[in-house]
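Positions are given from 1 along the sequence. Please read all numbers here as calculations on a predicted model, not as lab measurements. All values below were derived from every heavy atom in this structure, side-chain atoms included, with hydrogens, water molecules and symmetry-related copies excluded.
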Amino acid sequence: GMGAGDASFIKKADERLSKLVESAGILVLASHSEALMQRMCNKAVYLERGRVVHQGSLDDVLERYNETLAEK
C-alpha cells in the first residue's frame with residue numbers, strides 16, 4: 001500500500017509537474033495511467049510500435065485504446 005511518505009512525494013511531484021506545465025505551456029507525457037492522463041492531458045496520441053494509431057481528444061483516444069485492448 002501507499003504510506004504517508006508516498007502521499008507527500010506524489011503531492012510534491014504533482015506540484016512540480018503543474019509548475020512545469022504553467023511555465024512551458026505544454027507537457028508531453030508518455031503513460032499507461034488513465035488517471036494521470038485524465039488529470040494532466042487535454043489531447044492524446046495513441047501509438048502502436050511507434051506508429052500513430054489515433055489522435056484527438058483524450059476521451060476519444062482512450063476509448064479507441066480500450067476498444068483495441070478488448071479485441072485482443
Side-chain angles (χ1 to χ4, degrees):
M2 278 194 349
D6 292 336
S8 79
F9 172 79
I10 290 167
K11 188 172 186 286
K12 277 188 195 132
D14 259 11
E15 285 166 3
R16 189 162 173 207
L17 202 51
S18 296
K19 280 192 186 120
L20 268 173
V21 175
E22 274 173 40
S23 63
I26 189 168
L27 168 74
V28 177
L29 172 72
S31 178
H32 285 98
S33 165
E34 281 194 25
L36 180 63
M37 289 186 280
Q38 282 167 333
R39 229 174 42 241
M40 302 304 296
C41 305
N42 53 9
K43 298 246 184 304
V45 179
Y46 169 20
L47 299 173
E48 208 165 75
R49 294 187 196 90
R51 264 190 21 246
V52 174
V53 178
H54 193 67
Q55 60 184 332
S57 76
L58 179 62
D59 289 342
D60 285 351
V61 174
L62 283 177
E63 194 176 312
R64 177 71 62 92
Y65 175 71
N66 288 322
E67 283 168 6
T68 306
L69 284 186
E71 287 164 12
K72 287 180 179 169

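Within the structure, every pair that satisfies the salt bridge (Lys or Arg N to Asp or Glu O under 4.0 Å) test and touches residues 61-72, not counting sequence neighbours, is listed here: Glu48-Lys72.
Here Asn66 pairs with Glu34 under the side chain to side chain donor-acceptor pair (under 3.5 Å) rule; sequence neighbours left out.
Atom CG of Asp6 and atom NZ of Lys11 lie 15.0 Å apart (nearest 0.5 Å).
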Determine whether Val52 and Leu47 satisfy the following criterion, side-chain contact (heavy atoms from CB on, under 4.5 Å), listing intermediate values before the conclusion. CA-CA 5 Å; Val52 174; Leu47 299 173; 3.7 Å; yes
Verdict with reasoning, Glu15 to Lys19, per salt bridge (charged side-chain N to carboxylate O under 4.0 Å, His left out): CA-CA 6 Å; Glu15 285 166 3; Lys19 280 192 186 120; 5.5 Å; no
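Between Tyr46 and Tyr65, the ring-plane angle classifies as perpendicular under the 30° and 60° cut-offs.
Contact check for Val45 versus Val61: no side-chain heavy atoms found under the 4.5 Å cut-off. Residues Val21 and Ile26 have side chains not in contact (no heavy-atom distance under 4.5 Å, counting atoms from C-beta outward).
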Result block: side-chain N/O donor-acceptor pairs under 3.5 angstrom for residues 35-43, not counting sequence neighbours:
| unit_1 | atom_1 | unit_2 | atom_2 | d |
| --- | --- | --- | --- | --- |
| Arg39 | NH2 | Asp14 | OD1 | 2.8 |
| Arg39 | NH2 | Asp14 | OD2 | 3.3 |

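Taken together through direct or relayed side-chain contacts under 4.5 Å among Ile, Leu, Val, Met, Phe, Trp and Tyr, Val28 and Leu17 form parts of separate hydrophobic clusters.
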